[in-house]
Visitor: 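My questions will all concern the structure given below.
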Amino acid sequence: MRKETGIILAGSVGVIIGLTLFGVRKFLVKKRKAYDDYYADFHRHFERKHKDDTNEGVEFLAVR
């Protein structure tokens, strides 16, 4: 194999690996965005609805 052929082959393999990694990253970001869009508001189940309440107790909050 001539030197120029080896350089071209190595460059081609490098470009293919780079594009593959870029494609996998793009795919994973897309999947993560779909996951975040679906589960984005589920954290609100645990937020405190009334900040000014002072130790009202579980029974009072259950009646609301």
Side-chain angles (χ1 to χ4, degrees):
M1 191 183 308
R2 292 180 43 183
K3 191 175 192 178
E4 293 83 14
T5 308
I7 292 172
I8 291 174
L9 185 62
S12 300
V13 169
V15 168
I16 290 171
I17 289 173
L19 289 175
T20 302
L21 291 175
F22 181 74
V24 168
R25 182 179 174 276
K26 196 82 157 162
F27 174 74
L28 292 175
V29 166
K30 182 180 173 186
K31 294 291 278 184
R32 180 68 183 180
K33 185 175 186 283
Y35 177 84
D36 286 342
D37 286 345
Y38 183 73
Y39 289 108
D41 63 343
F42 286 168
H43 71 280
R44 294 185 184 149
H45 292 295
F46 303 108
E47 76 177 2
R48 192 168 174 159
K49 294 183 192 272
H50 303 286
K51 304 275 185 201
D52 58 342
D53 288 345
T54 56
N55 299 329
E56 296 291 347
V58 176
E59 294 83 9
F60 179 75
L61 295 176
V63 175
R64 285 188 177 181

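As a basis for the values below, the full set of heavy atoms in this structure was taken, side chains included, without hydrogen atoms, waters or symmetry mates. In this text, all values refer to a predicted model and were calculated from it rather than measured experimentally.
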Visitor: In terms of hydrophobic clustering (I, L, V, M, F, W, Y; side-chain heavy atoms under 4.5 Å; direct or indirect links), are Val24 and Phe27 co-clustered?
Guide: yes

Visitor: Could you measure the distance from the CG atom of Leu9 to the CZ atom of Arg2? Nearest 0.5 Å is fine.
Guide: 14.5 Å

Visitor: Supply the atom-to-atom distance Ile7 CD1 to Glu4 CD, rounded to the nearest 0.5 angstrom.
Guide: 6.5 Å

